[in-house]
Each structure stands twice: as C-alpha cells, then as structure tokens.
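Each chain gets a letter, A, B and so on, in the order the sequences are listed, and its residues count up from 1. No hydrogens, no waters, no symmetry mates; every other heavy atom, side chains included, goes into these values.
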Amino acid sequence: MATAKTPRIDVMKTYKLFINGQFPRSESGRVYEVKSGTTFIANPSQASRKDLRDAVVAARAAQPGWAKATAYNRGQILYRIAEVLEGRTAQFVEEICLLEKVTPAQAKLQVGTSIDRWVWYAGWADKIASVFGATNPVAGPYYNFTIPEPMGVVGILAPEKPSLLGLIDSLAPVLVSGNSAVLVASQSAPLPAISFSEVLATSDLPAGVCNILTGFKDELAPWMASHMDINAMDISGIAAKSQPALRVAGAHNLKRISSFTSVATPERITAFLEAKTVWHPIGV
Amino acid sequence: MKTYSIIDGSESSLKNFLKTLPGVDQVGAEARAAMLATRSIKNASKAFAIDLAISMVDLTTLEGADTPGKVRALCSKGLRPDPTDSTVPHVGAICVYNDMVGIARKHLDAIGGEEIPIAAVSTAFPSGRASLAVKIQDTEDAISSGAAEIDMVIDRGAFLSGRFGEVFEEIQIIRGICGDRAHLKVILETGELVTYDNVRKASYLAMLAGADFIKTSTGKVAPAATAPVVLVMLEAVRDFYEMTGTRIGVKPAGGIRNTKDAIKQLVLVNETAGPEWLTPTLFRIGASALLNDLLQQRMKMRDGRYASPNYVTID
C-alpha cells in the first residue's frame, strides 16, 4: 500500500484508434508526435490506409442496422451521447486548452456549444422524414411519396480547429439520418476526438456506426476519396486547394462530396440523404 | 485402381500401419501454422497468388434452398468470375449436390465451360449416415449425370470407434465405382475427429484406400479448415509421396472467406508439401464467399483503389 510519502507512478494513456467499437492500435504500428508549441503532448496512432479499409468494412456492416433502428431510437442514443459528453466536460476542456492554445473559458464555451449542437442534431432524428419527405400530387390514381433515406457509409475529414466542435458539426448530421461514418480527426489536435470515441463506446451507439481514425489527412484522404465502398464525403476539414483532387478521385463511384461553410443547418443533414420515391395505388 | 504395398489390405495390417504413425506435436503444429501465417507477401507475389487461388476455388453451393437458376448462375460465374475482365482465370470446379449435377453440366457445356469439372458431394453428405447401398447409388447417380469429381464423406462414427477397416472398405468401394470416370475426394470432417492424431490417421487411411484428394470438411461443421489441420494433412501427403511416389491432393473447405486466408493456405502448401502442389490438380479450396473477396482484391490491385462488394455478383 502506497503511503503519502511514496510518489505515485503516473498511468500514461495510450491513444488508439476507434474501429468497430474497439480501440486498436494502427495495424502499421505507427504513431506520430503531437506538440503544443515545442512541448510534447502525446503519441496518437498514425492510421494507415489499411486501418481506413478496416474501418470502412466495419461501417458498411453496421450501417443497415443503424438505418433500420427507429428514428426515435436513434434520437435517444444520440441524446445519450450528449449526456455522457456533459459528464466529461472537464476532460475535454483540459485537452482543448492544451492543444488549441485557448483560455479555459474559451475551451469551456467550445465544449458547451458542442454538446448543445449535438442535442440540436439529435432532435432532428424523428423530424427528417416529415420535414424533408413529401407526398406529391400526381396526375393518376396514385399516392406518390418521397422518403428520405441515408446514403450509406460517409467519410469525414474533420476540421483542424475547433477540434471538438468541428468534429461534432461534421459527425452529428451524418449519423442522425442513419448513415455510418469513418472520420479522420483533427491532425494537430486529436485528443478530443479520441476522448469522444470513448464517449461513443459507452453510449449504446452500435459498434461500427462511427469509426474514428487519427493520423495524417494528406495520407488518408486520397484513399478515402477513391474507396469504392464509401458513398459520400464531408471534406470541410481540407484546404480549398486540395479539394478538387479529392473530388476527381471520388468520381469513380459517383461519390457525393460536400464541403460546408455553414454550421447547424439542415443542409448538412440533407447532403447525406437520398430520396426514395414510392408509388402507391389509391382505392384498391 | 491403385493399390499400395504398405499394407496387404487386411484390417489388421491397416491398424498396424496406422499405429506406426507418430503422434502430432499439437503445440508445434499450431505454432508452425501460426508462424507461416505471418509471412508478408509482396505485390507481385500477391497478384500471382490471387489468380492461382481463383483457379483453385471449388465454387460451391450446398444449400437446401438451391435452385436450378442459382446453380446456373454459379456456373456462369465460375467460367467468367469477373465479366468485366477476361484475364481472370476460371475456377477449379463447380461443387453442387447430386441432383444439380446434370443442370450444372448442361449449362457449363452450353456456355463454353466444357473444361470445368462438376464435383458432386456424395455418400449421404454431410453426415454420411446411410446404408452402403444408398451411398453407392448416390455416387452412381452423380457420375452418370456428369460429375467428374466425387466428394465423399467418411463414416466418422466408425472411425472414432476404431472400426478403421469399415471406413477403409467403404472408401475402396466408392473408389471402385468412380473408376476412371471420376476423381475421388475423401472428406475427413476434421471438426469431428477431435485430435490432430486422428486427422493424420484418417489422412493415411483415405490415401491408402485410393483417394485422389483428401478434403478437410463438409463446411457444415465448425471448426473446419483451420491452418494446423491443413498443415497436418499437407505433411501427410508429402510423406505419402515419399513412401509411394504418388501425389495426393488436398482440399481445405469451410471457413476460408477472404483473400488473406486463401494466401495463408497457399503459403502453407508451398512451405509444407512443396511448390509441386501449387496447382489446381493437387490443391483446391472449397468456398463460396471467398471468390468475391479474391475478385475485389484483384480489382484493388488493378485499379489502385479499394473495391466495393457492390461491383461483384452476390451468387
């Protein structure tokens, strides 16, 4: 038993990826250095393209189940994530202060805004169908419905800063409609994303629905863009000059690639929806 | 029919011979199989291995829900696995239940796949629990409908209770029916044989009784074609070749679902039995889902981007 005089040995955290509900290291074994100025902060995993591939396999397998869950259930799970996030505010504030060179007050504001933003998107879960769906008047003895459906697997390149709020702004609108996601976190400030994956792992979100990778965006982005089993991408976190090359690479499977300037708008939800039109005869 | 001078054909000589087989070092076999699975494969070798693996696939459908339509679709896929790429080789064989053999043969002949043989599972597959008369009739039926390969199951109950002579005779009888008309693959169903020692014994028993191939499993019992089991069987065919000068083939089946697993099998073959076995005439892989993964890996190597299952056929 340690007495007050014996100094405690710190238990250092190993920062890992989040794939299929588990926390593996990169299959490549690589890590990279994250610094704040010249101060060493952490050695998170540097995901390889094979980690990306594994994440897509997990996301693809999880997507139908997530889309099939009732909108109400999806909303509840997303709200649960906000609850868990709230309880870990202090940890996120600390990590943001450390990496983004902001005051504690600014960091706290970012975390608070992130949680509110997440709740705002969670509320959309059971409203998407009624707001973006339609019954269409047609010239025939039919009902005609337009039903919004999730696109499938969405690749996200999250913004560098704000590290937590940027992640939430890009992730929440993708998940809420029933897509699954493979997200590459902020390269310079990845710790909030890694802690956020721990929140996801303890919030009833089915394994594989959201997968979070840390590493070099320049290395992963081309593989994500050309991946034939990713249906859409959010490349808001990529510099404007690098975006056209990704759009070209994504053209092989007609990937829908979006980059947003707005935050907290339904546009970010509809960007990852497809419309299914159903004809139904009347009076039969 | 081939006979070997190792035994004189009597049950006692068979038992005496099987007794002389050394036991399998379980820890050693598992460690060696695990070690061989860690080999890294460079791109040029991988491209070669993928095409070789495709040509070794016994494309299989063994479901109660099989229909003539599904079998015909499977045959078409076996001939041209990737309709967009004619450089993909055709598979090793099409493996179906007895009553689908005629349909498969007719369809393959009609679409130009005459060189692809049909393998039929036989002798009351998968349990093997039927009278000898039924098993004989089962085999006759398959061959007369056009099967060129017979995948028979051994009577595991008899084997496990030590009635080796009975198992031996049964294989010999089926071998006799196949004659020159069909290749005989003997399914040991290693998942039910419990120990590696039994796998080794059953391998020798089947080879001595005249098997052209020894096959791990039916695919209906787990575990199926695990790497240590395949290793033990490959050692058996290698040693049998040294004893008799005859090369017997090996067919792992069941549980090999992706390219990585298939390449691990090929490494096992190369390192255990030797490169002479790296041909569809001496090594086959029984699988259904594997082919799609091989095709996706091939597309990835060709196009330089990760492939999607949306671009290969389901059946």
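Atom CE of B:Met35 has more than 12 neighbouring heavy atoms from other residues, nucleotides or ligands inside a 6.0 Å radius. The 12-atom threshold is exceeded at NZ of B:Lys220, counting heavy atoms of other residues, nucleotides or ligands nearer than 6.0 Å. The 12-atom threshold is exceeded at NZ of A:Lys13, counting heavy atoms of other residues, nucleotides or ligands nearer than 6.0 Å. Summarising the local packing, CZ of B:Arg257 is surrounded by 12 or fewer heavy atoms from other residues, nucleotides or ligands at distances under 6.0 Å.
Once rounded to the nearest 0.5 Å, the distance linking OG of B:Ser308 with NE2 of A:His227 reads 8.0 Å. Taken from CG in A:Asp229 to OH in B:Tyr311, the straight-line distance is 8.5 Å, to the nearest 0.5 Å.
Interface remark: A:Arg49 contributes backbone and side-chain atoms alike to the contact with chain B (heavy atom separation under 4.5 Å).
Taking 4.5 Å as the heavy-atom cut-off, the residues of residues 292-304 of chain B that approach chain A are B:Lys300, B:Gly304, ordered by number.
If you check the side chains of B:Arg305 and A:His252, you find a donor sitting under 3.5 Å from an acceptor.
Remark: of the listed residues A:Met228, A:Met224, A:Arg53, A:Arg53 is the sole one forming a side chain to side chain contact (heavy atoms under 4.5 Å, CB included) with B:Tyr306.
For B:Ser288, there are no side-chain hydrogen bond (donor to acceptor under 3.5 Å, both in side chains) partners two or more places apart in sequence or in a different chain.
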